[in-house]
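Remarks on the structure that follows.
Keep in mind that this is a model prediction, so the values were computed, not measured.
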Amino acid sequence: MEGTPQPDTSRLFVRRSTGLVREASALDATIFNAVFSAPVGATLAIGVLWALSAFPGADPVWATIIAVVLNIPVLIMMALLASSMPRTGGDYVWVSRILSPPLAMISNFAAALSAMIGATFWARFFPVFALGPVLVGLGVFFDNSTMVDWGTKFQTDNLWIFLGGLAMIVMMTAILAAGIKTTFRWQNTFWIIASLGTFIAFIALLVGDSAGFTENFNSLNAEFGGGTTTDLIAAAGSSGVKPDLGNVDATLPTVFAIMVFMMWNWWSVYLSGELKSAADRARQLWVMFGALLWDGLFIVVGLVLFFKVIPYDLAVALNSGPEGYAIPSGPWYQFLASLVHNIPILAVIILGSFLFWSLPAMVGNTFMPIRSVFAWAFDRLLPEKLAEVNERTHSPVPAILLVMGLVTAMLAWSVLSTDFFTWLALGVEAGVVCIVIVGIAAIMFPSRRPDLYQASPANVRFAGIPVLYIVAPLAILVMLFLVYLTVTYPALALAGNKDNLWQIPAFMGMIVVIGLVLYYGAKMVRSGQGVDVDLVYRELPPD
C-alpha cells in the first residue's frame with residue numbers, strides 16, 4: 001500500500017528467493033503421495049496381512065475402506081492450506097504465520113521425525129522385505145542354495161541388513177542431489193515397474209484357484225520338511241476363523257495398522273514450493289485424493305483377489321508363524337502370489353518387481369525433512385549453509401547430506417535395537433502431533449490472519465459455514481481416535497505390554513520439548529548476533 005513502509009525481505013530471509021524451482025507436475029505429486037503413503041504392493045506385503053496374526057477375525061477389506069473415509073477431512077484441510085500458502089516447509093509456514101513459530105517448530109519437527117523413521121524403515125525394507133525374499137524365492141524356484149543363503153542373510157544378519165539399507169540410502173542421496181526432475185524421473189520409473197509387477201500378481205490370483213495354490217504350496221513346503229496347509233491351520237488354531245466386521249476388537253486396530261501407511265496422502269504439501277500451479281486449490285485436491293483413491297482401491301482389490309485363492313483361516317495361520325512352515329522365506333503377499341501358478345518366469349517377474357518399491361517410498365520420507373531443514377535455515381533458525389542450493393541442479397545439497405547422515409545413523413541404530421518397530425508405530429503419533437496443531441491453525445486461520453484468508457483458496461464455504469471450520473475439527477477427531485486405538489490395543493505400538501503405556505505421552509512430550517529447544521535455542525543464538533528472528537514470521541517467505 002502506498003505510503004506504508006514495507007519490510008525489506010532480503011534482510012529478514014537468507015536471500016530474496018529460495019533458489020528452488022517449480023518443476024514438479026501434478027502427476028509427479030500424485031505418485032509422490034501414493035508411494036509415500038501406501039505403496040500398494042509393499043503395504044499388502046507387510047502391512048495389511050500382519051494384522052491377521054495380531055487380530056484374527058479382522059476384516060482388512062472394510063478396514064481399508066474405513067481408513068479411506070477417515071482420511072477425507074484431513075486431505076481437504078491440507079489442500080486448502082497448501083493452496084493458500086504454497087511454500088517450501090508446508091505446515092511450518094502455515095502454523096508459524098497463523099499461530100506461532102514455536103508451535104510451527106513442534107509440528108514440523110514431528111512430521112520430520114516421522115518421515116526419518118519412515119525413511120529408515122524403507123531403507124531396511126529393501127534388504128529385509130525385498131532383496132532377501134527375492135533371492136530366497138528365486139533360489140527356491142531354481143534350486144540355488146547360494147541365493148537362498150544370501151537371501152536369508154539379508155533378512156536376518158545385522159551387517160547384511162545394514163549394508164543393504166546403506167546402499168539404498170547412498171543411491172537416494174545421489175538422486176536427490178541431482179535435482180527434482182531427476183528425483184521424480186527415478187521415482188516414477190521405479191513406481192511403474194513395481195506397480196506392473198503387483199498387477200501381474202493380481203492377475204495370477206484372478207485366474208488362479210485355491211486347489212492349484214494348495215498343491216504348489218504343499219509340494220514346496222514338503223521339500224523343506226514342512227507340513228500341509230491343513231497342518232499349518234491346525235498348528236495355528238485358526239480353523240474356521242472368518243473376517244467379521246462386527247468384531248470391533250479385531251477390525252478397529254486393523255484400521256490403525258492400515259492408517260500407519262495410508263494417513264499420509266497429503267504429503268505433497270511439502271512439495272508445494274516446487275509444484276507447478278501449487279496455489280490452485282483444485283490441483284492440490286486432485287493430487288491428494290488421486291493418491292488416496294489409487295491406494296485404497298488397489299489395496300482392496302489386492303485383498304479380495306488374495307482371499308479368493310488363499311482361504312482366510314490359512315492366511316491367518318501363515319502370518320502367525322506356525323510350526324510346520326519351513327519355506328525359507330516369509331509368507332509375504334508377493335511370494336504367495338508367485339506360488340499360485342508353477343511358472344518360474346512368472347515368479348521371477350512378481351518377486352523381482354518388489355525390489356522397486358523401496359526407492360519411490362523413500363523419496364517422500366527423505367524429501368520432507370530435507371525441505372524442513374532448508375526452510376528452518378532460510379528463516380535463519382539454522383546455519384545459513386543449510387539453505388544453500390546448487391545453482392545447476394537447484395537442490396539443497398547441504399540439507400540433503402545432513403538429513404541422509406541422520407537417516408544412516410538411525411539405520412545403524414535400528415539393526416541393533418529391539419525397539420525400532422515400536423518407534424515405527426509411534427511415528428504415527430508424531431503425525432498426530434503435526435495434524436492436530438495444523439488443525440488448530442486451520443480453525444484459527446480466518447480470525448487470526450484475515451488478511452491472508454479472505455483472498456486465499458481456503459476461503460470457501462459449505463452451507464454458509466467456512467469449510468475449514470468443518471474439516472479441521474473432524475481431522476483432529478480422527479487423530480484423537482488413532483491415539484485412542486494405540487492406547488486401547490497395546491499390540492499396535494507397545495510391544496503388547498500395557499505397562500509401556502507411558503511411552504506414548506513420553507514420545508509426544510519429547511517431540512514438544514525438542515521442537516521448543518530448536519526454536520528458542522536458535523532465537524537465543526540469533527539474538528546474540530543482533531538478529532530478531534520473530535520479524536521473519538510477519539511475512540510469507542519468497543518463492
Side-chain angles (χ1 to χ4, degrees), residues 37-38 43-44 46-75 77-78 107 110-111 113-114 117-118 121 243-266 292 295-296 299-300 303 316 319-320 419-439 471-512:
S37 183
T43 303
L44 286 169
I46 59 170
V48 178
L49 297 180
W50 166 84
L52 300 183
S53 62
F55 309 102
D59 189 329
V61 172
W62 273 105
T64 302
I65 295 170
I66 292 169
V68 169
V69 174
L70 290 176
N71 273 288
I72 291 174
V74 179
L75 297 196
M77 177 183 73
M78 293 294 186
S107 71
L113 176 61
S114 180
I117 293 172
F121 170 78
D244 179 9
L245 179 61
N247 184 352
V248 295
D249 287 332
T251 298
L252 286 184
T254 302
V255 171
F256 180 95
I258 295 169
M259 286 290 279
V260 168
F261 291 88
M262 281 196 62
M263 64 180 279
W264 313 100
N265 282 291
W266 50 271
L292 175 66
D295 287 341
I299 288 173
V300 167
L303 287 170
V316 172
N319 282 273
S320 301
D419 295 329
F420 175 71
F421 284 94
T422 294
W423 275 73
L424 181 63
L426 287 174
V428 174
E429 311 298 349
V432 166
V433 172
C434 174
I435 294 172
V436 167
I437 293 175
V438 169
V471 295
L474 288 175
I476 292 173
L477 287 175
V478 169
M479 294 302 105
L480 296 179
F481 173 64
L482 295 182
V483 175
Y484 163 78
L485 292 179
T486 313
V487 172
T488 306
Y489 302 99
L492 290 171
L494 305 175
N497 185 355
K498 282 198 171 184
D499 292 338
N500 292 336
L501 189 63
W502 62 271
Q503 293 180 1
I504 295 175
F507 182 79
M508 291 181 165
M510 177 199 71
I511 289 171
V512 172

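- Atom CG of Leu485 and atom CG of Leu480 lie 11.0 Å apart (nearest 0.5 Å).
- When all heavy atoms of Leu474 and Pro73 are compared, the closest pair comes out as CB-CB, 3.7 Å.
- With values rounded to the nearest 0.5 angstrom, Gln503 atom CD is found 12.0 Å from Thr486 atom OG1.
- Across Ile117 and Gly427, no two heavy atoms sit closer than the pair CD1-CA, 4.3 Å.
- Rounding to the nearest 0.5 Å places CG of Asp59 at 8.0 Å from CG of Asp244.
- In this view, Ile65 and Val61, Trp62, Val300 satisfy the side-chain contact (heavy atoms from CB on, under 4.5 Å) rule, not counting sequence neighbours.
- Put simply, CE on Met479 and CD on Glu429 are 10.0 Å apart, with the number rounded to the nearest 0.5 Å.
- A search for side-chain contact (heavy atoms from CB on, under 4.5 Å) contacts involving Asp249 returns Asn247, Tyr489, not counting sequence neighbours.
- In this structure, the side-chain hydrogen bond (donor to acceptor under 3.5 Å, both in side chains) partners of Asn265, at least two apart in sequence or on a different chain, are Ser37.
- Taking the six-membered ring for Trp and thresholds of 30 and 60 degrees, Trp266 and Trp264 have ring planes inclined between 30 and 60 degrees apart.
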Passes side-chain contact (heavy atoms from CB on, under 4.5 Å), Met263 versus Val478? Steps please. CA-CA 10 Å; Met263 64 180 279; Val478 169; over 6 Å; no
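- The two residues Leu426 and Phe507 have their closest heavy-atom pair at O-CE2, 3.0 Å.
- Interatomic distance, Thr43 OG1 to Ile299 CD1, rounded to the nearest 0.5 Å: 4.5 Å.
- The minimum heavy-atom distance between Leu70 and Val74, with the atom names listed, is O-CG2, 4.1 Å.
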Show me the donor-acceptor pairs within less than 3.5 Å that the side chains of residues 252-262 make with the rest of the protein, sequence neighbours left out.
| unit_1 | atom_1 | unit_2 | atom_2 | d |
| --- | --- | --- | --- | --- |
| Thr254 | OG1 | Ala250 | O | 2.7 |

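- A donor-acceptor pair is defined here as one N or O able to donate and one able to accept, closer than 3.5 Å; no such pair exists between the side chain of Ser114 and the backbone of Ala110.
- Legend: residues meeting side-chain hydrogen bond (donor to acceptor under 3.5 Å, both in side chains) with Ser107, ordered by chain and number and at least two apart, are Asp91.
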